[in-house]
Amino acid sequence: MANCGAQISTPIRVPAWVSTRRLFEQKLQELHKCTDLAHVKEVHAQIIKQNLHTDLYVAPKLISAFSLCHHMKLALNVFNQVPHPNLQLYNTLIRAHVRSSQPSMAFAALLEMQQNGIFPDNFTYPFLLKACNGEPWLPVVQMIHGSLEKVDFFGDIFVPNSLIDSYSKCGALGIQSAMRLFRSMDSRDVVSWNSMIGGLVRAGDLGGARELFDEMPVRDAISWNTILDAYVKAGKMDEAFELFEKMPERNVVSWSTMVSGYSKAGDMQMARMLFDKMPTKNMVSWTILISGYAQKGLAQDAVSLYSLMEKSRLMLDSGAAVSILAACAESGLLGLGERVHASIARTRLMHHADVSNALLDMYAKCGRLKKAYEVFERMAERDVVSWNCMLQGLAIHGHGDEALKLFSRMKQQGFKPDKFTLVAVLCACTHSGFIDEGLRYFNNMEKEYRIAPDIEHYGCVIDLLGRAGRLNEAIRLVDSMPMGPNAVIWGTLLGACRMHNAAELAKQVQDHMARFEEASEHGTCSVLSNIYAAAGDWVNVANVRLQMKSAGIQKPSGASFIEVGDKVHEFTVLDMSHPDSGEVYEMVDGLVQELRLFGDPSNDHHHTY
DNA sequence: CTAGGGTTAG
C-alpha cells in the first residue's frame with residue numbers, strides 16, 4: 001500500500017483489434033435492427049478492411065443483419081469465412097435460416113453443428129422450435145420435446161414457452177400437448193399464458209381461450225389483444241367492441257384488430273371510422289384497410305387510401321406489399337397493383353421472394369401474362385411458389401402448351417413439384433384439352449413426385465374427363481376418391497352432364513347434391529346456384545337464391561370487376577342494374593351462340609379448378 | 001418465446 005502512489009505501473013498493452021473493434025461497437029449495435037442492406041454492406045466492407053469479419057463477436061452480428069435484410073447468401077458467406085464456428089455462431093445461423101423461412105436449412109445447420117461435436121443449448125431450442133410451424137411439424141416438435149427431457153433446459157422459461165407455442169400451432173393434437181405442458185409448469189410467465197391463449201384462439205376455441213384469460217393472474221396489453229382477436233375471428237364484433245371499450249389500455253394493435261374485424265365483416269363504414277379515430281397508425285393499420293377495400297373490389301376507396309398512405313411518409317414493407325397485391329389479385333384491381341409495383345420498383349422489396357411472388361401472381365390473375373413473365377424472369381431466386389403462380393397463370397388463361405413447357409423447365413432446374421404444382425399442371429391440361437397427358441400426370445403423381453392426389457387433383461381430372469364426355473370414367477373416379485366427393489366435385493360432374501346432355505346421370509348427381517345440401521346448406525346452395533348460372537339456367541339460379549334468402553343464408557354473390565379507363569365496373573350474376581342490361585345480355589347470348597358454333601363444348605361452362 | 005396485415009389450391 002505504501003509504495004502505491006509512487007510506483008508507476010507498467011502500461012498494459014492493448015491489442016490493436018480491441019480498439020478497432022471498440023470503434024465498431026456502436027455500429028454493430030445498430031446493425032442488430034438494421035434492415036437497410038446498403039448500410040449493412042458498407043459496415044461489412046469496413047469490417048473486412050479491419051480483418052474483423054471472422055471475429056466470433058462480430059460475425060454473428062453480421063449474419064443477423066444480413067438475414068434481417070433477407071439476404072441469406074451474404075449471411076452464409078460470412079458464416080463460411082469463420083474457420084471454427086462456435087455454438088453461438090451456429091445459433092445465429094439457425095435463427096437466420098428460421099427468420100428467412102428456411103426451416104430445412106435450419107435443421108441442416110443443426111446437423112452440421114452436431115457433427116462438429118457442438119450440441120444445442122437453451123438458446124438453440126427456441127430457435128429450432130420457431131421453425132416448427134404447422135401440423136406437419138408435430139412429430140418434430142415431439143422429438144425436440146423428447147430430447148429436451150434428457151438435457152433439462154426447462155429452467156429457462158423461453159424453452160417451455162417455445163414448446164407451448166410450437167405445439168399449439170400443430171393442430172388439435174398439438175393443442176392438447178401444449179395444454180398438458182402448460183398445466184405441468186411450476187412457474188408460468190405472461191408469455192406462457194399468452195402463448196397458450198393464442199393457441200386456443202388459433203384453434204377456434206373461443207370458450208377455452210376466454211376461460212384461461214379470466215384465470216390469468218396478470219394481464220398485459222398482449223393478453224387483451226389476443227382475446228380481442230378471438231372475438232374478432234369468431235365474427236362477434238359486438239362483443240369485441242364491448243371488450244375494446246373496457247380494455248385498460250388500447251394500443252395500435254388493438255385498434256388495428258378492430259379495423260380488421262369490421263373490414264372482414266364487410267362493415268367498411270365502421271372500419272373506416274375506427275381507422276380515422278386511431279391515435280397512431282402504422283404500416284399494418286394502413287395495410288388492413290387498403291386490402292379490405294381492395295378485397296371487396298372497392299377500387300376507388302382502396303386507391304385513394306393508398307394515396308393518403310403514401311403521403312404519410314410511411315414506407316411499404318414486405319407484408320404490406322404482399323397483402324395489398326394479394327387483394328388486388330383477388331379482385332382484379334390491376335390499377336392499384338401497378339401502383340404498388342411502381343412504389344416498390346428499384347427497392348429492396350423487389351428482391352424479396354414473397355413480394356415478387358405476390359406481384360407476379362397479381363399480374364397473372366389480372367391476365368397480364370407478359371408482365372407476370374417479366375417479374376418471373378427477373379427474379380434472382382425463384383422458389384416453388386414462383387413457379388406455381390406462373391404455371392397457374394398460364395393454365396387458367398388457356399396456355400396449356402406453355403405451361404407444360406414451363407413445367408419441364410422447372411424440373412430441369414431441379415425444383416421439386418408440390419401439390420400446388422400438380423394442380424396447376426392438371427388445370428393446364430384441362431383448360432387446353434390435353435386429356436391423355438392430364439391423365440398420365442394424375443396417374444403418375446404418387447410414383448413420380450411422391451404427392452398423394454388431393455381433392456383438388458381429383459377435381460381437375462373429373463373436370464377433364466367430364467369435358468371430354470368420358471362421364472363413366474369420371475363417375476368411377478368419384479367413387480374411388482379416398483376422401484369422398486364434396487359439393488364442388490358433384491358440381492363439376494353436373495356441369496359435365498349438362499354439357500353432354502346426360503340427363504339421367506344429372507338426376508343422380510343432383511340427388512347426391514341434395515344430400516349435401518342438408519349437411520351444409522350454405523356452401524352447396526351457392527355452388528348449386530353457380531352451376532345453374534354457368535349453365536345459363538337463370539330460372540333455377542333465381543330459385544336457389546330465393547331459397548337461400550328464405551333460409552336466412554346470406555352470401556354476397558360473387559362479383560366480377562373490370563377496369564375501363566380509370567373506372568371500375570362491377571357486375572354480378574343476374575345483374576339487371578345497368579340501364580342497358582337487356583342489350584348486354586343479348587350480346588352475351590350472341591357470343592355464346594357463336595362459341596357453340598365453334599363446336600367446343602367446353603365453352604358451355606367454366607370452373608375455377 | 002406471446003398480440004394486428006400475407007404469396008401458390010378451395
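Residue numbers start from 1 in every chain, and the chains themselves are labelled A, B, ... in the order their sequence lines are given, proteins ahead of strands. Because the structure is predicted, anything quoted here is derived from the model rather than measured.
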Atom CE of A/M283 and atom P of B/dG4 are separated, to the nearest Å, by 18 Å

Please determine if A/R219 and A/E249 form a salt bridge, counting it only when a charged side-chain N lies under 4.0 Å from a carboxylate O. no

Knowing that exactly one of A/V375, A/L369, A/L325 qualifies, which makes a side-chain contact (heavy atoms from CB on, under 4.5 Å) with A/Y363? A/V375

Base, sugar-phosphate or nothing for A/N282? Non-hydrogen atoms, less than 4.0 Å. base

Does A/K419 make a side-chain N or O approach to OP1 or OP2 of B/dT8 shorter than 4.0 Å? no

Using a cut-off of 4.0 Å on non-hydrogen atoms, how would the nucleic acid contact of A/V201 be classed: base, sugar-phosphate, or nothing? nothing

Looking at residues at least two apart in the chain, or sitting in another chain, which of them share a salt bridge (charged side-chain N to carboxylate O under 4.0 Å, His left out) with A/E215? A/R183

Measuring from the side chain of A/F420 (C-beta onward, heavy atoms only), which nucleotide among B/dT8, B/dA3, B/dC1 has the closest atom? B/dT8

From CG of A/N357 over to P of B/dA9, roughly how many Å is that when rounded to an integer? 12 Å

Taking the minimum atom-to-atom distance to the side chain of A/N225, which one of B/dA9, B/dA3, B/dC1 wins? B/dA3

Please report, rounded to the nearest Å, how far the C1' atom of B/dG6 is from the CG atom of A/D229. 15 Å

Ring of A/F275, cation from A/K281 - is the NZ or CZ under 6.0 Å from the centre and inside 45° of the axis? yes

Distance under 6.0 Å and angle within 45° of the ring axis: does A/R339 meet both against A/Y306? no

Under a 4.5 Å cut-off applied to non-hydrogen side-chain atoms, are A/L243 and A/W224 in contact? yes

Hey, does the side-chain of A/S256 have a donor or acceptor N/O within less than 3.5 Å of a partner on the base of B/dG4? yes

Is there a donor and acceptor pair closer than 3.5 Å between the side chain of A/T287 and the base of B/dG5? yes

Among B/dC1, B/dT7, B/dA3, the one nearest A/S162 by side-chain distance: B/dC1

Nearest-Å distance, CG (A/N251) to C1' (B/dG5)? 15 Å

Relative to each other, are the rings of A/Y125 and A/F153 parallel, tilted or perpendicular (30° and 60° limits)? tilted

Looking only at side-chain atoms of A/E456, point me to the closest of B/dG10, B/dG6, B/dG5. B/dG10

Between B/dT8, B/dG10, B/dG4, spot the one nearest the side chain of A/N388, thanks. B/dT8

Taking any heavy-atom pair under 4.0 Å as a contact, classify A/K264: base, sugar-phosphate, or nothing. sugar-phosphate

Specify the separation, in whole Å, of atom NZ of A/K233 and atom P of B/dG4. 5 Å

Counting only heavy atoms not in A/R409 (residues, nucleotides, ligands), do more than 12 fall under 6.0 Å from its CZ? yes

Look at all strands and tell whether A/A326 reaches a base, only sugar-phosphate, or nothing, counting heavy atoms closer than 4.0 Å. sugar-phosphate

Base, sugar-phosphate alone, or nothing: which one does A/S291 contact when heavy atoms must sit under 4.0 Å apart? nothing

When you measure from the side chain of A/Q392, which nucleotide among B/dG4, B/dT7, B/dA9 comes out closest? B/dA9

Any N/O donor-acceptor pair, A/D361 side-chain to B/dT7 base, under 3.5 Å: no

Separation of atom CG in A/D156 from atom P in B/dT2, rounded to whole Å: 14 Å

Nearest whole Å is fine: how far is B/dG5 P from A/K296 NZ? 13 Å

Mind running a 4.0 Å heavy-atom check of residues 122-135 of chain A against DNA chain B and sending the residues that fall below it, in number order? A/K130

Within the structure shown, what part of the strands sits under 4.0 Å from A/D317 by heavy-atom distance: base, sugar-phosphate, or nothing? base

A/G319 near the nucleic acid: base, sugar-phosphate alone, or nothing, with a heavy-atom cut-off under 4.0 Å? base

Going by side chain to side chain donor-acceptor pair (under 3.5 Å), name the pairs with one or both residues in residues 316-327 of chain A, residues two or more places apart or in two chains. none

By nearest atom, which of the nucleotides B/dG4, B/dT7, B/dG5 is closest to the A/A320 side chain? B/dG5

Can you tell me how far C1' of B/dA3 sits from CZ of A/F213, to the nearest Å? 12 Å

